[in-house]
Amino acid sequence: MDNRSIAQLLSETADLLEISAGDPFRIRSYRRAAEAVESSTVKISEIAEDTKKLLAIPGIGKGMATNIQEMEKTGTMPLREELLTKYRPSMLDLLKLPGMGPKSVLLFWEALQIASIADLEAAIAAGKLESLPRMGAKQIEKLKKGIEEYKQNSGRFLIDDAEEAADKLIAYLRQFEGITTITPAGSLRRGRETVGDLDILATGPACVEDKVQAAVEYTAAYPPIADLIAKGQNKVSFRLRSGLQVDVRLLPEGSYGAALQYFTGSKMHNVTVRQRALKRGYTLSEYSLSRVEDGSFVAGATEEEIYAALGLDWIAPEMRENNGEIEAAEQHRLPALVELRDIRGDVHMHTDATDGKNTIREMAEAAAARGYEYIAITDHSKNLAMTFGLDDERALEHMRKICQVNDEMEGRIRVFGGIEVDILSDGQLDLSDEVLAQIDVVIASIHSLFNQPEEQMTERVLRAIENPNTRILGHPTGRLLLRREGYKLNLPQILRRAAELGVAVEHNAYPDRLDLCDRDLRMAKEMGCKISINTDSHHTSHMEKMTYGVRQLRRAWLAKQDVLNTLPAEEFLAALRPRA
DNA sequence: GCCGTTTTCGGCCCGACTGTTTTCAGTCG
């Protein structure tokens, strides 16, 4: 069983416990364990036999270790089975409706035997809900709306889309007199590849207690609002036409740091920080850090002073996932994370020779304008016929053109010759060894899916990286296209072999590629892989997406020295596996 | 169910908003 499945079973058990009104702390334990399993870089099923190793994971104790071992053996566990005799699995869907929590699910089940969203719809239509306590007309209307939204399944939004929405809203808020600072918080600030909703924090003279109402009204009047969810003292919640939910909080400047810390999350990070505060006689809220005994103010204006008062170094938002960052901050051993400005080159991009939109020269100019020291032009090879992929002869001709542009740039930027070769179903590359041996940056990627089982798929990739011409493994988990059903491979095995061979693995910076996630990147680093980050740009404007990829690297705790593209041009080439 | 610089018991984060209430429960982040 993979980590994700184990985590899901644990988290579902937590939901069921919650519906059964179980001990809230026991419920939290299950949730914590689920998160610990989900974010673990070790394959839990491989260590499941070894109780000691399981217990070493924070959040996993004796009971949870037994549960995990049981799941490995039987695919489920006693508590879960027991709960499922009392409740239905489809009741978990009900929890996903906005405004629906465990108490309501239990109420509906006990009073009306409602076990699914379909049941709920029927009950609403039949007017059965009205007889229940706390179910007024507004509440029922809210549920109806929630069901509609659920069916449309807005889900999570890609970080670049969310950021665009945030930028527009920020521009609107900025026009209000007295709002001086506006910052996106939440998962956007933490750099997650997708965000569930947008948290925007605003502060300034207009946000003090007796004046804030006007700013609240102004926020609630934001034209693109499709649905106003809540409007309170200092908070406005609404949904945009895209379905994205937005929470705006307007708070006084003295609380800015506390609020930023609070609304950045993650939830588990905050819980741990607050526990730490309590142990030291403080209490932390979105307004301030204060003393428990007399409520006197300790810190609040900046995040730095709050962390410092708790004996911690400031923690970069990307690391705030309760994955050991607090201990590291305490011991002053947080890594200096890689930054966008450390990236000196982008070595995966396409031109109009295949499926790109711009010429070699245009790509080079755009990259030079971004301040890059080097790029590699890596067009497709012949197997991708639909992109007019290059065969041996055209590939060599293309290298000459790249070389020519390199000369034309007169040292403003270095342009490497490159190619993105396709890994065929038997693991062979689709260009000849003689040609590949003449190309600086050879990226081998899978583009076609043959519904092979995991083992065969893995074998195919392994064979491709054994080929001495392969210098970089392109988007190793497959991009969105390949991530769809049926595509699975043994990533740990591939990363281990890549590390042994000195083949670099690529992290594709483009947000919708869903390539190596932060956990995969952490695993790659632990295994000693060389990591290259690239945009796979098909247009000059795509190069901007590098910023999102770097944030994934930061989420994986990668420092500058962990990333190949932070090296100067010659050193970058030298750090790749030696040419065949 | 987990955890330990009040350590094997007794704790476990904090506040806002809504709706249906006349003081609060449920949900959310």
Side-chain angles (χ1 to χ4, degrees), chain A residues 10 13-14 17-19 21-36 54-68 77 79 94-108 129-130 132-143 146 185-187 190 195-201 212 216 220 228-238 245-251 255 258-259 261-290 292 295 310-311 322 330:
Chain A
L10 289 171
T13 306
L17 269 175
E18 207 161 13
I19 291 170
D23 173 12
F25 300 111
R26 193 180 178 205
I27 294 164
R28 183 185 299 169
S29 292
Y30 276 86
R31 291 207 194 289
R32 230 195 118 187
E35 286 189 33
L54 285 179
L55 291 176
I57 302 171
I60 309 279
K62 261 174 86 181
M64 221 48 87
T66 312
N67 279 334
I68 289 170
M77 54 196 217
L79 177 62
L94 288 171
L95 285 176
K96 292 180 194 140
L97 297 176
M100 229 9 221
K103 293 288 175 353
S104 309
V105 173
L106 184 63
L107 173 70
F108 292 171
L129 254 47
E130 287 146 36
L132 297 179
R134 335 185 57 78
M135 285 298 140
K138 277 192 174 175
Q139 191 67 27
I140 292 172
E141 192 51 39
K142 197 170 159 187
L143 286 174
S187 44
R190 299 203 312 281
V195 304
D197 53 23
L198 212 52
D199 289 294
I200 305 286
L201 186 62
V212 70
V216 165
L228 190 65
I229 298 167
K231 185 175 74 171
Q233 257 293 299
N234 54 20
K235 171 186 165 174
V236 184
S237 291
F238 52 85
Q245 186 179 322
V246 185
D247 296 324
V248 181
R249 265 100 176 181
L250 303 131
L251 291 153
S255 298
Q261 196 284 325
Y262 180 81
F263 292 114
T264 297
S266 67
K267 204 169 176 174
M268 289 308 291
H269 173 87
N270 282 357
V271 167
T272 309
V273 169
R274 280 164 185 232
Q275 280 170 344
R276 184 184 179 87
L278 279 179
K279 273 184 199 142
R280 306 190 158 220
Y282 301 132
T283 171
L284 179 61
S285 75
E286 61 256 56
Y287 298 108
S288 67
L289 182 73
S290 51
V292 172
L310 295 172
N322 198 32
E330 179 177 50

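Side-chain atoms are counted along with the backbone in the values below, which use heavy atoms only and exclude waters and symmetry mates. To find a chain, count down the sequence lines: A is the first, B the second, and so on, and within it residues start at 1.
- Figure legend. B/dT8 is base-paired to no nucleotide; pairs are counted as Watson-Crick or G-U wobble with both atom distances under 3.5 Å.
- As judged by a 4.0 angstrom heavy-atom cut-off over every strand, A/Pro102 is placed among residues touching the sugar-phosphate backbone only.
- Taking atom C1' in both B/dT18 and B/dT23, the straight-line distance is 15 Å, to the nearest Å.
- Rounded to whole Å, the separation between the P atoms of B/dT5 and B/dC12 comes to 16 Å.
- Here the closest non-hydrogen pair linking A/Ala185 and A/Phe263 is CB-O, 3.5 Å.
- The stretch residues 274-286 of chain A participates, sequence neighbours left out, in these side chain to side chain donor-acceptor pair (under 3.5 Å) pairs: A/Arg276-A/Glu330.
- As judged by a 4.0 angstrom heavy-atom cut-off over every strand, A/Lys279 is placed among residues making no nucleic acid contact.
- Among the protein residues, A/Thr283 comes within range of the sugar-phosphate backbone only, with heavy atoms under 4.0 Å from sugar or phosphate atoms but none that close to a base.
- Under the side-chain contact (heavy atoms from CB on, under 4.5 Å) criterion, A/Ser104 pairs with A/Met100, sequence neighbours left out.
- Take A/Lys103 and apply the side-chain hydrogen bond (donor to acceptor under 3.5 Å, both in side chains) test, not counting sequence neighbours, and it matches no residue.
- The side-chain hydrogen bond (donor to acceptor under 3.5 Å, both in side chains) search around A/Asp197 returns none, not counting sequence neighbours.
- Running 5' to 3' along DNA chain B, contacts with non-hydrogen atoms of chain A at under 4.0 Å begin and end at B/dG1 to B/dG29.
- The shortest side-chain heavy-atom distance between A/Phe238 and A/Gln245 does not fall under the 4.5 Å cut-off.
- To the nearest whole angstrom, the two C1' atoms, one in B/dA25 and one in B/dT20, are 10 Å apart.
- Within 4.0 Å (heavy atoms only), A/Gly59 reaches sugar-phosphate atoms of the nucleic acid but no base atom.
- If you check every strand for non-hydrogen atoms under 4.0 Å, A/Asp197 touches sugar and phosphate atoms only.
- Residue-level contact check: A/Pro58 touches the backbone only, with heavy atoms under 4.0 Å from sugar-phosphate atoms and none from bases.
- Annotation: side-chain contact (heavy atoms from CB on, under 4.5 Å) contacts of A/Ala33 (sequence neighbours excluded): A/Leu10, A/Ile60, A/Met64.
- For the C1' atoms, the distance linking B/dT8 with B/dC2 amounts to 12 Å, nearest Å.
- A/Lys142 comes within 4.0 angstrom of no nucleic acid atom, judged by non-hydrogen atoms across all strands.
- Ranked by how close their nearest DNA chain B nucleotide is to the 5' end, A/Gly101 and A/Arg28 are led by A/Arg28.
- Counting non-hydrogen atoms under 4.0 angstrom, A/Lys138 reaches the backbone sugars and phosphates but no base.
- Using a 4.0 Å heavy-atom cutoff across all strands shown, A/Leu10 reaches no nucleic acid atom at all.
- Mapping A/Ser104 and A/Tyr30 onto DNA chain B by nearest heavy atom places A/Tyr30 at the nucleotide closer to the 5' end.
- A salt bridge does not link A/Glu35 to A/Lys267: none of the charged nitrogens lies less than 4.0 Å from a carboxylate oxygen.
- B/dA16 and B/dG11 have their P atoms separated by 26 Å, given to the nearest Å.
- Among the atoms of the strands shown, none is found under 4.0 Å from any heavy atom of A/Ile27.
- Within 4.0 Å of A/Ala14, counting heavy atoms only, lies no atom of the nucleic acid at all.
- B/dC13 and B/dG29 are spaced 12 Å apart, taking the C1' atom of each and rounding to whole Å.
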